[in-house]
Participant: 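Sharing a structure here in structure tokens format.
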Amino acid sequence: MPTRAPRRPWRPWHRIARGALQAAALLAGVAGAPVAAEGVVSARYAEETTRYAHGVLGDTIEYGALILDTSEGRRLRIVLPAHSVFEDLAPRVVDLDDDGKAEVIVVESHRDLGAQLAIYGPGGKIAATPHIGQTNRWLAPIGAADLDGDGAMEIAYIDRPHLARILRVWRYAEGRLSEVAQQPGLTNHRIGEDFISGGIRDCGSGPEMIVARGDWRGTVALDLIDGQLRETALPFVPSSDGFAQALGCADR
């Protein structure tokens with residue numbers, strides 16, 4: 001059985017929509033019939049595997065399964081097919097539709113098609129972005145929040161943080177994901193790091209995404225206004241301390 005030292009903990013995801021706060025949880029994935037009245041309480045990855053040896057997070061061990069504990073007291077185990085893995089730090093448990101029942105956000109990678117961001121619930125896979133389209137191509141989540149105040153949650157990630165460096169924002173509504181904005185020249189991860197930098201903050205005027213410039217020479221905050229991403233330079237070095245200051249609103 002493959003073994004590895006634990007990766008560094010996932011930086012918290014803040015659910016800022018309608019004043020609620022959801023912290024990061026463990027990992028997830030599932031399959032089965034829809035279960036409308038049931039939500040996810042916690043999640044974790046299982047079944048370490050070396051079948052997808054990308055190594056972007058510092059080792060070549062990923063996960064082949066996902067375990068969900070539900071609000072109805074059930075424990076569900078989702079096993080991915082041999083061509084896919086969860087290429088991720090930990091699953092993120094978030095109530096994406098404000099119905100009091102949480103879903104799980106994960107990074108799932110296909111042997112030939114690369115990564116996609118996927119949403120799971122007790123009934124299985126609910127929605128996903130398209131795969132990037134090529135093996136060993138990854139995405140690094142930023143966070144989830146109602147970024148534009150319209151009552152629907154958005155999920156943001158960096159598409160290929162070491163290559164394309166594109167921030168993408170997807171809206172989740174009625175069980176579907178639709179892309180609403182993108183901006184190039186940004187990143188939140190270096191190859192081999194066992195953590196993802198930045199996240200989402202709210203300093204009192206609404207949620208902002210905190211990431212690094214593509215060349216790692218500065219940090220920026222971005223908000224979503226009328227479907228457009230607005231970028232603000234921050235006075236912090238893109239380091240662990242710098243991101244912590246940014247997320248803690250030290251510039252306000």
Participant: Looking only at heavy atoms, which two atoms of Gly64 and Arg51 are closest? And how far apart?
Facilitator: CA-NH2, 3.6 Å
Participant: Name all residues meeting the side chain to side chain contact (heavy atoms under 4.5 Å, CB included) criterion together with Ser71; count only those two or more places apart in sequence or in a different chain, and write none if there are none.
Facilitator: Glu38, Val41
Participant: Indicate the atoms forming the closest heavy-atom contact of Pro207 with Ala145, along with that distance.
Facilitator: CB-CB, 4.1 Å
Participant: Rounded to the nearest 0.5 Å, how far does OG of Ser84 lie from CG of Leu113?
Facilitator: 8.0 Å
Participant: Nearest 0.5 Å, please: how far is CG in Leu247 from CD1 in Ile200?
Facilitator: 10.0 Å
Participant: Does any pair with a residue in residues 90-117 pass ring pair (Phe, Tyr, Trp, His ring centres under 6.0 Å), and if so which ones, sequence neighbours excluded?
Facilitator: His83-His110, His110-His131
Participant: Identify the heavy atoms of Asp88 and Glu62 that sit nearest to each other, and give their distance.
Facilitator: N-OE1, 3.7 Å
Participant: Is it true that Leu229 and Val180 fall in one hydrophobic cluster, defined by side-chain heavy atoms closer than 4.5 Å?
Facilitator: yes
Participant: Mind telling me whether Trp170 and Tyr157 have parallel, tilted or perpendicular rings, with 30° and 60° as the class edges?
Facilitator: parallel
Participant: Go through the structure and list residues passing side chain to side chain donor-acceptor pair (under 3.5 Å) with Arg230, not counting sequence neighbours.
Facilitator: Asp223
Participant: Tell me whether Val237 shares a hydrophobic cluster with Ile210, the cluster being built from Ile, Leu, Val, Met, Phe, Trp, Tyr side chains joined at under 4.5 Å.
Facilitator: no
Participant: Just grab all the salt bridge (Lys or Arg N to Asp or Glu O under 4.0 Å) pairs involving residues 232-252, residues at least two apart or on different chains.
Facilitator: Arg201-Asp251, Glu208-Arg252
Participant: Which residues pass the salt bridge (charged side-chain N to carboxylate O under 4.0 Å, His left out) test with Arg190, sequence neighbours left out?
Facilitator: Glu193
Participant: Report the distance from atom CD1 of Ile158 to atom CG of Leu167, rounding to the nearest 0.5 Å.
Facilitator: 4.0 Å
Participant: Search all heavy atoms of Gly175 against all heavy atoms of Ala127 and return the closest pair with its distance.
Facilitator: O-CB, 3.6 Å
Participant: Starting at CD1 of Ile191, measure out to CG of Leu163 and round the result to the nearest 0.5 Å.
Facilitator: 6.5 Å
Participant: So, the side chain of Arg92 versus the backbone of Ile105: is there a donor-acceptor pair under 3.5 Å, distance only?
Facilitator: yes
Participant: Could you list the residues that satisfy side chain to side chain contact (heavy atoms under 4.5 Å, CB included) with Ala250, not counting sequence neighbours?
Facilitator: Phe236, Gln245
Participant: List in chain and number order the residues that pass side chain to side chain contact (heavy atoms under 4.5 Å, CB included) with Arg165, two or more places apart in sequence or in another chain; answer none if no residue qualifies.
Facilitator: Thr187
Participant: Going by atom types only, do Tyr63 and Glu108 share a side-chain donor-acceptor pair under 3.5 Å?
Facilitator: no
Participant: Going hydrophobic residue to hydrophobic residue with side-chain gaps under 4.5 angstrom, can you get from Tyr52 over to Ile132?
Facilitator: no
Participant: For the residue pair Trp138 and His162, does the interplanar ring angle fall in the parallel (under 30°), tilted (30 to 60°) or perpendicular (over 60°) class?
Facilitator: parallel
Participant: Using side-chain heavy atoms (C-beta onward) and a distance below 4.5 Å, is Trp216 in contact with Ser239?
Facilitator: no
Participant: Quick one: side chain to side chain donor-acceptor pair (under 3.5 Å) partners of Arg168, sequence neighbours excluded?
Facilitator: Asp159, Glu179
Participant: Which residues satisfy the side chain to side chain donor-acceptor pair (under 3.5 Å) test with Asn136, sequence neighbours excluded?
Facilitator: none
Participant: Mind running side-chain contact (heavy atoms from CB on, under 4.5 Å) on Met153 and Val94 for me, showing each step along the way?
Facilitator: CA-CA 10 Å; Met153 292 283 281; Val94 183; 3.9 Å; yes
Participant: Apply side chain to side chain contact (heavy atoms under 4.5 Å, CB included) to Asp69 and list each qualifying residue two or more places apart in sequence or on a separate chain.
Facilitator: Ser42, Arg75
Participant: Which is it for Ile119 and Ile126 under the side-chain contact (heavy atoms from CB on, under 4.5 Å) test, yes or no, and what are the steps along the way?
Facilitator: CA-CA 6 Å; Ile119 299 170; Ile126 300 169; 4.2 Å; yes
Participant: Looking only at heavy atoms, which two atoms of Asp95 and Lys101 are closest? And how far apart?
Facilitator: OD1-O, 3.3 Å
Participant: State, yes or no, whether a side-chain contact exists between Val107 and Phe86 at a heavy-atom distance under 4.5 Å.
Facilitator: no
Participant: Is the closest side-chain heavy-atom distance between Leu234 and Val220 below 4.5 Å?
Facilitator: no
Participant: Test Val40 against Thr70 for side-chain contact (heavy atoms from CB on, under 4.5 Å), laying out the working first.
Facilitator: CA-CA 4 Å; Val40 177; Thr70 79; 5.5 Å; no
Participant: Looking only at atom types and distance, does a side-chain atom of Asn188 sit under 3.5 Å from a main-chain N or O of Val211, one as donor and one as acceptor?
Facilitator: no
Participant: If you take all heavy atoms of Pro141 and Ile196, which pair is closest and at what distance?
Facilitator: O-CG2, 3.5 Å
Participant: In chain order, what residues pass the side chain to side chain donor-acceptor pair (under 3.5 Å) check against Arg213, with sequence neighbours excluded?
Facilitator: Glu231
Participant: Given 3.5 Å as the limit, does a donor-acceptor pair link the side chain of Arg171 with the main chain of Leu177, or not?
Facilitator: no
Participant: With rounding to the nearest 0.5 angstrom, report the CD1 to OG1 distance, Ile61 to Thr49.
Facilitator: 9.0 Å
Participant: Can you find a pair of side-chain heavy atoms, one from Glu87 and one from Val56, that are under 4.5 Å apart?
Facilitator: yes
Participant: List in chain and number order the residues that pass salt bridge (charged side-chain N to carboxylate O under 4.0 Å, His left out) with Glu103, two or more places apart in sequence or in another chain; answer none if no residue qualifies.
Facilitator: none
Participant: Just how far is it from atom CD1 of Ile155 to atom OG1 of Thr129, taken to the nearest 0.5 Å?
Facilitator: 9.0 Å
